[in-house]
Every structure is written in structure tokens, then in C-alpha cells.
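A short worksheet on the structure shown next.
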Amino acid sequence: MPDKRSMYDMMQPNLDISEMFADRQFQRNALHTRYLNEQLVRVLKTIGYDVGFQRGQGPYLYDRNDDRYLDLLSGFGVKTALKSVLDSDLPNLVQLDLSTLAGILAERLIAHVPYLDKVFFANSGTECVEAAIKFARGSTGRTGIVYCDHAYHGLSYGSLSLTGDKNFRDGFGPLLPDCISIPFNDLAALEKALMSRQIAAFIVEPIQGKGVNMPDDGYLAGAAALCKRYGTIFVADEIQTGMGRTGRFLAVEHWNVEPDMVLLSKSLSGGHVPVGAVLTRKAIFDKIFDRMDRAVVHGSTFSKNDLGMAAGIATLEVLKQEKVIENAAARGAELLETLSAMVPRYELLKNVRGKGLMIGVEFGPPKSLTLKASWTMLEAASKGLFCQLITIPLFKDHKILSQVSGHASHTIKLLPSLTITQEDCSWITGSFDQVIEASHRVPGAIWSLGKTLVDNAARKSA
Ligand SMILES: Cc1ncc(COP(=O)(O)O)c(C=O)c1O
């Protein structure tokens with residue numbers, strides 16, 4: 001007799017995960033130091049982020065003292081759908097069966113991107129990029145892949161070959177051959193690369209995550225036209241920008257562009273379960289899966305798992321029912337306006353840019369002498385360190401979790417939950433205002449923190 005209990009039932013009698021979490025949470029540093037990444041433990045401790053988050057609720061996180069934080073890096077909940085999968089006896093991951101939930105999710109994704117026809121599911125962003133590279137090469141018979149400077153497409157070998165950042169690449173070569181980097185927003189460079197007619201795909205983030213770099217108005221449409229002219233597949237990596245993040249379902253919609261392939265992951269599952277999707281044209285897909293003996297020529301064991309599929313379906317439903325994309329557009333516009341209005345008031349604040357709830361707040365060298373001296377000392381110790389003087393007090397004093405957008409970057413990236421409220425937006429803008437204002441006072445608490453960070457950097461390099 002097959003065991004009729006669901007996975008959820010089986011977990012109930014002897015294994016209580018929340019009890020285990022409560023019992024052992026105080027050992028998390030020790031566990032990670034011993035069994036996982038010790039350097040990450042040290043980083044979080046150094047910047048004071050080891051507050052021991054206990055629970056999350058919507059856009060909020062609660063630490064061990066039950067203090068509430070606003071998470072500007074996160075997604076939103078689809079817990080009910082996940083619980084219903086665990087409670088059911090669905091025939092999950094039967095390899096020689098056709099998953100119903102995968103069919104439904106694919107149908108619904110394509111309804112959002114009707115000019116594409118087929119969906120390939122994966123477990124993560126980087127796996128979507130790997131699939132895109134294989135599909136592009138396999139369907140065109142060409143080997144070249146063109147990507148942009150400052151792109152981030154992931155860290156497995158194919159995607160790392162399209163991520164130029166030295167910090168990620170050093171020590172791991174050789175990478176994939178025939179990957180060519182060109183400047184973002186440079187159509188002439190793109191055409192020069194494509195003219196060889198050896199390029200299978202051009203892959204681009206519509207808004208670059210690292211630095212929150214915006215495309216010029218005609219750039220994406222121009223790139224799509226060039227790809228068409230030279231027989232190159234135009235791949236939009238919407239792993240960060242997609243699913244409503246920028247106030248549209250896909251960021252490319254802002255510029256009326258229809259890519260040949262669209263990559264989605266991250267909030268496709270509301271941030272709960274690893275999942276990714278490659279949406280593509282039928283002509284490309286059919287060249288890869290072209291015969292019965294090639295029906296599984298690319299794939300992965302867990303890629304159409306029921307939890308991922310259910311989370312995806314639920315996320316699309318939440319987007320629609322709760323008007324999440326409209327909220328992202330409205331709250332994003334308000335945030336952008338209020339933060340931009342601070343630029344003329346603060347000499348260290350250079351630019352605020354973005355679309356919807358993907359916003360970059362960029363800092364740069366000041367003009368006044370006292371500030372200039374402090375800035376120079378900080379930058380000499382470690383390029384990009386200034387942003388930590390903003391993110392650390394935002395976290396410690398204002399309970400706002402934000403991040404610097406990449407190594408040596410002067411831009412702080414805001415990716416708040418798409419369900420954020422007006423009140424949360426005031427929390428963000430009020431906190432930024434206070435911290436930026438404090439950063440213009442020399443001497444002051446912020447620059448004392450700067451001195452500590454410089455000393456730390458010096459000790460590290462000694
Ligand atoms: C634009 C983009 N592409 C690809 C990836 C890689 O996704 P993952 O971390 O799921 O492998 C990321 C992750 O941050 C991303 O932002």
C-alpha cells in the first residue's frame with residue numbers, strides 16, 4: 001500500500017521545525033561558522049546586521065527583541081498556496097507524467113506575455129540564464145553571446161561568463177568561450193558585435209540591477225531591431241525587473257519592446273520557493289526539443305515541482321487581486337519624487353532614478369572642503385565605502401534593511417516589497433532624509449562610523 005499521508009502530515013508527529021528554530025536560533029552564528037560560510041558571519045557581525053531575525057510578515061521582519069524592520073530587498077507572501085500543496089496528495093515530480101500545475105502556470109505566464117509561446121521551468125535565476133544560452137546556441141547554430149558591462153546574470157559557469165565583475169570571476173576561469181562584453185546603452189557597439197553574424201543571443205537586463213542603470217529611451221527597441229536584422233535572439237533578463245517590480249509586468253513594456261526570450265525568477269514564487277521560467281518563441285523552443293529522442297535534452301529534476309508551480313500561480317493571482325503592480329507603480333512614483341526632491345538639498349546626493357519599486361539612490365563627491373576631506377579618506381580606504389555610512393544607520397537607527405548595489409558602488413538600491421503602503425514609503429523617505437542630513441555633519445556620528453570602517457578596512461588589509 002502506498003503511504004497516503006502527505007509530506008506535511010509526515011512532518012507533523014516528530015519533527016517540529018518551528019520548535020527546532022526556537023531552540024537553536026541562538027546558535028546560528030556558531031552553526032554557520034562551523035558548517036557554512038564563516039566569512040559571511042564575520043561580515044554581518046562587522047556591519048552590525050546580526051540582529052537574529054525571528055519572523056517575517058509581509059514587508060516586515062522582526063528581530064530577537066521583536067523590533068520591526070522594513071525589508072527593502074524582499075518579496076511578498078503566497079503561503080496559503082504552499083500549505084495547500086503540502087496538505088494535498090498531488091502527484092508531485094512524477095518524471096514520466098505531465099504536471100498539471102506546470103501547464104497552468106505556463107498558460108498564465110504566456111497570457112501576460114502573449115507574443116511568446118512556450119515556457120521552460122528552472123529552479124533559479126542562473127538556471128534560466130543557462131537555459132537561454134543553450135537554447136540560443138542550439139537554435140541558431142551560432143556560438144557567440146553578447147552581454148553588457150556591469151551586467152549581473154548569475155554565478156554558475158554560463159551566467160558568470162556573462163557577468164563581467166572581476167570580484168565574482170577571479171580564480172574561476174576559464175569561462176565559456178565566445179562571450180563578448182559591450183557597453184550598456186551603446187547601439188553602435190552592439191551592431192559592431194552582431195555584424196559578424198556569429199552571435200546567437202544578446203542578453204540584457206532592461207534596467208541593470210548593479211547600479212540601477214536605466215536604458216536610454218530608444219536603446220531596448222533599437223537593440224531588438226538590430227537583433228532581428230542580424231538573426232540574433234534578443235533575451236531580456238527580467239529576473240529582477242519582472243513580475244511587476246518596475247510598475248509593469250515586465251520592465252520592457254515601458255519601452256514597448258517584445259524580446260524573443262524573457263527570463264523570470266526571484267518573485268515568481270513570491271520569494272518563497274526557488275523557481276524560474278524561460279518564456280520563449282515556439283520557433284526557438286521547437287529547434288531544441290525537435291524529436292522524441294530529444295524530449296529531455298535539457299531539464300532538471302525539480303524544475304516543475306508542485307510547490308514552485310503553486311507558488312507561481314498564487315503569485316500571479318495575488319498580483320491581480322491585490323492590484324500589486326498598480327501599487328508598485330504608484331508607490332514607486334511617490335518614492336522617486338520625494339527622494340529626487342532631496343537632491344538639490346544635499347551635496348553628497350547626486351541622483352535618484354528608477355522605475356516602479358526599483359530605485360537607485362546615488363551618492364558622489366562633495367564640493368565643500370571639510371566634507372571633501374572626509375569623503376576622500378573613506379574612498380581611499382575602500383571605494384564605495386560611503387554607502388555603508390548610509391545603509392548602516394538606516395538599519396540600526398531606522399530599522400530599514402537596504403543594500404549597496406554592487407562592489408565599489410555609490411548607489412544604494414531600494415527593492416521594497418511590491419505591497420508596500422504609503423505609510424511605509426514615508427518611513428523610507430523620512431529615514432533617508434535624516435540619515436543623509438546627518439552625513440553632511442562633520443564631525444558627527446556618521447563620520448565616526450566612517451573612521452571605524454576605515455580602521456576595519458586597514459586591519460583587514462594589514
Ligand atoms: C538580473 C539577474 N539575473 C540573474 C540572477 C541570478 O539569479 P539567482 O541568484 O537566482 O541564480 C540575478 C540575481 O540576483 C539577477 O538579478
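Computation of the quantities below employed the complete heavy-atom set of this structure, encompassing side-chain atoms and omitting hydrogens, waters and symmetry-equivalent molecules. Each ligand, and each atom within it, is numbered from 1 in the order the structure gives.
- Only the side chain of I239 comes within contact range of ligand 1, with a heavy atom under 4.0 Å; no backbone atom does.
- Residue R169 qualifies as enclosed at atom CZ: its count of foreign heavy atoms under 6.0 Å is above 12.
- Annotation: side chain of T421 is not in contact with side chain of W427 (no heavy-atom distance under 4.5 Å).
- At least one side-chain heavy atom of V252 sits less than 4.5 Å from a side-chain heavy atom of E238.
- Counting heavy-atom neighbours within 6.0 Å of Y115 OH, excluding the residue itself, gives a total above 12.
- When the shell of 6.0 Å around CD of Q39 is examined, it contains more than 12 heavy atoms from other residues, nucleotides or ligands.
- When Q240, K266, E238 are checked for heavy-atom proximity to atom 14 (O) of ligand 1, K266 turns out nearest.
- The shortest contact between atom 11 (O) of ligand 1 and any protein heavy atom is with T126 N, 2.9 Å.
- Of the listed residues (E130, E127, H153), the one carrying the non-hydrogen atom nearest atom 4 (C) of ligand 1 is H153.
- When only interatomic distances are considered, the shortest N/O to N/O separation between E205 and ligand 1 does not fall below 3.5 Å.
- In terms of protein heavy-atom proximity, atom 10 (O) of ligand 1 is nearest to G125 N, 2.8 Å.
- Scanning the protein for heavy atoms near atom 2 (C) of ligand 1, the closest one is Y152 O, 3.3 Å.
- Ligand 1 has no nitrogen or oxygen under 3.5 angstrom from a nitrogen or oxygen of S124.
- Residues R108 and E317 are paired through a salt bridge, judged by an N-O separation under 4.0 Å between the basic side chain and the carboxylate.
- Residue-ligand proximity, D237 to ligand 1, at heavy-atom distances under 4.0 Å covers atoms 1 (C), 2 (C), 3 (N), 4 (C).
- A salt bridge links R229 and E191; the closest N-O separation between the charged side-chain nitrogens and carboxylate oxygens is under 4.0 Å.
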